[in-house]
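Comments concern the structure below.
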2 protein chains.
Amino acid sequence: MRTKDEEKERLILESALSIIAKTGLAGLRMSDLAKEAKLATGTVYIYFKDKDQLVRKLYLYLMRTTTSDLSSGIQPDDSIKSKIKKISHNYLLDSILKPQKSIFFEQYFRSPFFHETESVLNEEDQILQPIYQLVLEGQRQDIIKKVNPDLIVTIVCGMLESVAKTAVYTDKIVSDSEWELIFGIVWDAIKS
Amino acid sequence: MRTKDEEKERLILESALSIIAKTGLAGLRMSDLAKEAKLATGTVYIYFKDKDQLVRKLYLYLMRTTTSDLSSGIQPDDSIKSKIKKISHNYLLDSILKPQKSIFFEQYFRSPFFHETESVLNEEDQILQPIYQLVLEGQRQDIIKKVNPDLIVTIVCGMLESVAKTAVYTDKIVSDSEWELIFGIVWDAIKS
DNA sequence: TTTTGAAATGAATAAATATTCATTTAACTT
DNA sequence: AAGTTAAATGAATATTTATTCATTTCAAAA
């Protein structure tokens, strides 16, 4: 007998993501999705109960792949500043390289698919946890402004996201020298 | 004879905005919209040709009301720093007080209703023009970092928007003392 | 090689939603 | 006060889109 292809689930999710990034959730049609994935509409329903479940699964799928490696490349004995620099760089690159993901989350949280019962903030907290810890440590060492660490994290992420958004929109990469400039601004903002 | 109520057009647009802010464009239903506006569904079609036109008109309507008064309260002989402080405060308050507007734009630009032909960036440029001018003037006076002024504007707006988003989400107002803290961070980021 | 059972298909059907229109209501005119 | 006209209504209809299912295809087991 034929066997269910595990890859096909991913394929469908990625196709959905691609359509949603282009047209928003309002533009997601099961038939278009099937076409994008080069499957018959019916096939989609073998892997997902219905549209609702598909979108929710996509949310979980992206959540899982996000929590990954903001901290990659950071050495335990780096200085706080260079740790923050690296983590900020990772955050920026992540936002630039996977713009579809940010678009999806933006859409999902304002959609009929999202119910308050789901704990967004907790999940988000989870992702930002490593940044938060670094800020705390920096404050302990008197290097970072002694204001509400949540505010610091919020502001830094806001800066980086807006830079990423512009970079994606104008289709430009961020060169090393530009990154130096940008991090200079970020650091001046938060250093004590 | 009965006369067409000019206010009713606004009422319908505001109702649509309110629903879209809650459920995203994917959740906008003409029947719900009519209910929200306390009208019969048919009535909506007296004022708007179809759903498509309604959403586009809402876009234009919000565009018009946005371009308003970021510069309010600014005196010609204020210092550059205090001008930037005031304009940043206006921007923050605008984002906090009219969160529905930001949500709508977020949704619209990723929807089937939006076609590339519409010049988004131009419009956005228009709105940010006063901020841009202040940054230029600050750079001339050697007060602001001499980097690409677009980058400065992008970063400042990013910071303020993320603060606004958090404020709206957690339903907290930004007190005067918090604003002093926040602007301190903004200013440190961009001052030379 | 044949049998078997689940995967895949896509046209047919169901469900959701947009739009129309015959009818009613309200305001203005004569 | 009666007549007139456009706005308002909302049930009926049209359209779009989700979902099903009878049929076919494929790959593994016998």
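Numbers restart at 1 for each chain; the letters A, B, ... are given by sequence-line order, proteins then strands.
Heavy atoms of A:L28 sit under 4.0 angstrom from primed sugar atoms or phosphate atoms, though from no base atom. Residue-level contact check: B:F48 touches neither bases nor backbone, having no heavy atom under 4.0 Å from any strand.
With no hydrogens or angles considered, a side-chain donor-acceptor pair links A:Y61 and A:E14 at under 3.5 Å. B:E137 and B:Q141 are linked by a side-chain donor-acceptor pair at a separation below 3.5 angstrom, with hydrogens and angles left out of the test.
In this structure, B:I19 places its CD1 atom 14 Å from C1' of C:dT17, rounding to the nearest Å. With rounding to whole Å, B:D32 atom CG is found 8 Å from C:dT17 atom P. Rounded to whole angstrom, the span from the CD atom of A:Q53 across to the P atom of D:dT19 amounts to 11 Å. With rounding to whole Å, B:L33 atom CG is found 11 Å from C:dT19 atom P. Atom CE in B:M30 sits roughly 15 Å away from atom P in D:dA8 (whole-Å rounding). Spacing between atom NZ of A:K35 and atom P of C:dT9 amounts to 14 Å, rounded to whole angstrom units. Following rounding to the nearest Å, A:D50 (CG) and C:dA14 (P) show an atom-to-atom distance of 18 Å. Rounded to an integer number of Å, the gap from OH of A:Y45 to P of C:dT13 is 17 Å.
Using a 4.0 Å cut-off between charged nitrogen and carboxylate oxygen, B:K85 and B:D78 do not count as a salt-bridge pair.
The side chain of B:I46 lies closest to D:dT9 when the candidates are C:dA18, D:dT19, D:dT9. Comparing C:dA7, D:dA11, C:dG10 by their closest approach to the side chain of A:T41 singles out C:dG10.
Distances shown here put a side-chain N or O of A:K8 below 4.0 Å from the OP1 or OP2 atom of C:dA8. A close approach under 4.0 Å does occur between a side-chain nitrogen or oxygen of B:T43 and OP1 or OP2 of D:dT9.
On a pure distance criterion of 3.5 Å, no polar donor-acceptor pair joins the side chain of A:R29 and the base of D:dT16.
The two residues B:S71 and B:I87 come nearest to each other via the heavy atoms OG-CD1, 4.2 Å.
Within 6.0 Å of the NZ atom in B:K146, the count of heavy atoms belonging to other residues, nucleotides or ligands exceeds 12.
Residues B:L39 and A:K51 each lie close to DNA chain D; by heavy-atom proximity, the contact nearer the 5' end of the strand is made by B:L39.
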